[in-house]
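I have placed the structure first, in the form of structure tokens, so that the comments after it can refer back to it.
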There are 2 protein chains.
Amino acid sequence: MNDFLTLNKQLCFAVYETAGEFNKLYTSVLQPFELTYPQYLVLLSLWEKDEVTMKELGAKLNLGTGTLTPMISRMEANGWLRKERSKEDERKVFIYLKTKARIEQPHITKRVAEEINLCKIERDEYEQLMKNLNGLHRKLKERLKSAGA
Amino acid sequence: MNDFLTLNKQLCFAVYETAGEFNKLYTSVLQPFELTYPQYLVLLSLWEKDEVTMKELGAKLNLGTGTLTPMISRMEANGWLRKERSKEDERKVFIYLKTKARIEQPHITKRVAEEINLCKIERDEYEQLMKNLNGLHRKLKERLKSAGA
DNA sequence: CACGATTTAATCGTATACGATACAATTACT
DNA sequence: AGTAATTGTATCGTATACGATTAAATCGTG
């Protein structure tokens, strides 16, 4: 007599494999721009609000410096943005988008929108998922915080 | 005038960061068992159906051999399972759980259940998310398939 | 039987992702 | 003024995750 839920009934696995599919879908769209999926998320954040510190960007994307520092360095090497250490507080590093990111934005946005449209996700389905995922995300975050993790 | 959706309204980012939170939550629970989150998903699959081939396991978890082969090798080295090449078809490698995985199952399952219960996810919220995520996952997979990816 | 096509697993190189640690800079306190 | 505490970034080691490639094994066809 098994007392485990099957893999297919685990919410964590549903999120895990959906995240994996999103990764594959975006990777295929972004490859011609020589961007990875997480780098695209960085650009999304910076297109919305440029000139932020590494700390602020990390908080926005929920990523530690172990992930963010090498990623930003790669994006700088590829000409998307530049880093500049603050004169006022030398602990802080500011991120600035370069013109390449500005120029490519409409192209990238258009291609991504086309691809997402082709998935035929209904608007109410989208909104309900957003609402439910945000609720779930909040609960997980609160549980992690109160566990002292 | 910006024509992009903000990061916080992107479904892909909601999935991305929720997956990240699940990873952190499970990692903290599984660390005492010296298991990682993806390894736990492997065990979940094998507890449900043991004695499968690498191909079958990869299909179940939606993972390629570049990810699965080293992961299974690490789990073999840590005593969770063993690999055995088929005599009938030497291309195939079978995976068998070892007693350690059987013995530890109730302990792991109990700890995970406790932790998930502490997240206070309502049953209807859970079921609605599962339904919606499975629908989304199917659409993404179909789009990837028809794009020849 | 030989050979091409296909299948399965392994390997490789690259990019995250994480937690721990180190270091430099700033802030707070005595 | 000196020192401890805190902050912010970088580095390190390990574990995925992916797509491309390689190698061995099997299958199908002539």
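Residue numbering restarts at 1 for every chain, and letters A, B, ... go by the order of the sequence lines.
- The backbone N or O of B/Ala101 sits less than 3.5 Å from a side-chain atom of B/Trp47, completing a donor-acceptor pair.
- Residue B/Thr69 places no side-chain atom within donor-acceptor reach of the base of C/dA9, judged by atom type and a 3.5 Å distance cut-off alone.
- Neither side chain, A/Thr65 nor A/Lys55, offers a donor N or O lying under 3.5 Å from an acceptor on the other.
- Checked against side-chain hydrogen bond (donor to acceptor under 3.5 Å, both in side chains), A/Ser86 has the following partners two or more places apart in sequence or in another chain: A/Glu88.
- Nucleic acid contact class of B/Thr36 (heavy atoms, under 4.0 Å, all strands): sugar-phosphate only.
- Nucleotide C/dA24 holds its C1' atom 15 Å from the CE atom of A/Met54, rounded to whole Å.
- For A/Gln39 and B/Glu56, each mapped to the nucleotide of DNA chain C holding its nearest heavy atom, the one lying further toward the 5' end belongs to B/Glu56.
- Here the side chain of B/Asn62 pairs no donor or acceptor atom with the backbone of A/Glu17 at under 3.5 angstrom.
- The salt bridge (charged side-chain N to carboxylate O under 4.0 Å, His left out) search around B/Lys110 returns B/Glu114, not counting sequence neighbours.
- Residue contacts for A/Thr67: at a heavy-atom cut-off of 4.0 Å it reaches a base atom on one of the strands shown.
- Rounded to whole angstrom, the span from the CE atom of B/Met71 across to the P atom of C/dT11 amounts to 15 Å.
- Across all their heavy atoms, A/Arg85 and A/Arg91 have their closest contact at NH1-O, 3.7 Å.
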DNA chain D in dot-bracket form (Watson-Crick or G-U pairs under 3.5 Å, [ ] crossing, | inter-strand) is ||||||||||||||||||||||||||||||
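- With hydrogens and angles disregarded, no donor-acceptor distance shorter than 3.5 Å links the side chain of A/Thr69 to the backbone of A/Gly66.
- Backbone-only contact: B/Leu63 has heavy atoms under 4.0 Å from sugar-phosphate atoms and none from a base.
- Extent of DNA chain D lying under 4.0 Å from chain B heavy atoms, first and last nucleotide in 5' to 3' order, is D/dA15 to D/dT26.
- Remark: the backbone N or O of B/Met130 is paired with a side-chain donor or acceptor of B/Asn134 at under 3.5 angstrom.
- For the residue pair A/Asn132 / B/Glu125, no side-chain donor-acceptor distance below 3.5 Å is found, with atom types taken as modelled.
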Identify all side-chain donor-acceptor contacts of residues 33-45 of chain A below 3.5 Å with residues at least two apart in sequence or on another chain.
unit_1, atom_1, unit_2, atom_2, d
A/Thr36, OG1, A/Gln39, N, 3.3
A/Tyr37, OH, B/Cys12, O, 3.3
A/Gln39, OE1, A/Thr36, N, 3.2

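- Residues B/Phe22 and A/Leu136 form a side-chain contact, since some pair of their non-hydrogen atoms from C-beta on lies under 4.5 Å apart.
- Near DNA chain D, defined here as any heavy-atom distance below 4.0 Å, the residues from residues 80-98 of chain B are B/Glu88, B/Asp89, B/Glu90, B/Arg91, listed numerically.
- Residue contacts for A/Thr53: at a heavy-atom cut-off of 4.0 Å it reaches the sugar-phosphate backbone alone, with no base atom in range.
- Along DNA chain D, the nucleotide closest to A/Lys55 and the one closest to A/Thr27 are compared, and the more 5′ of them pairs with A/Lys55.
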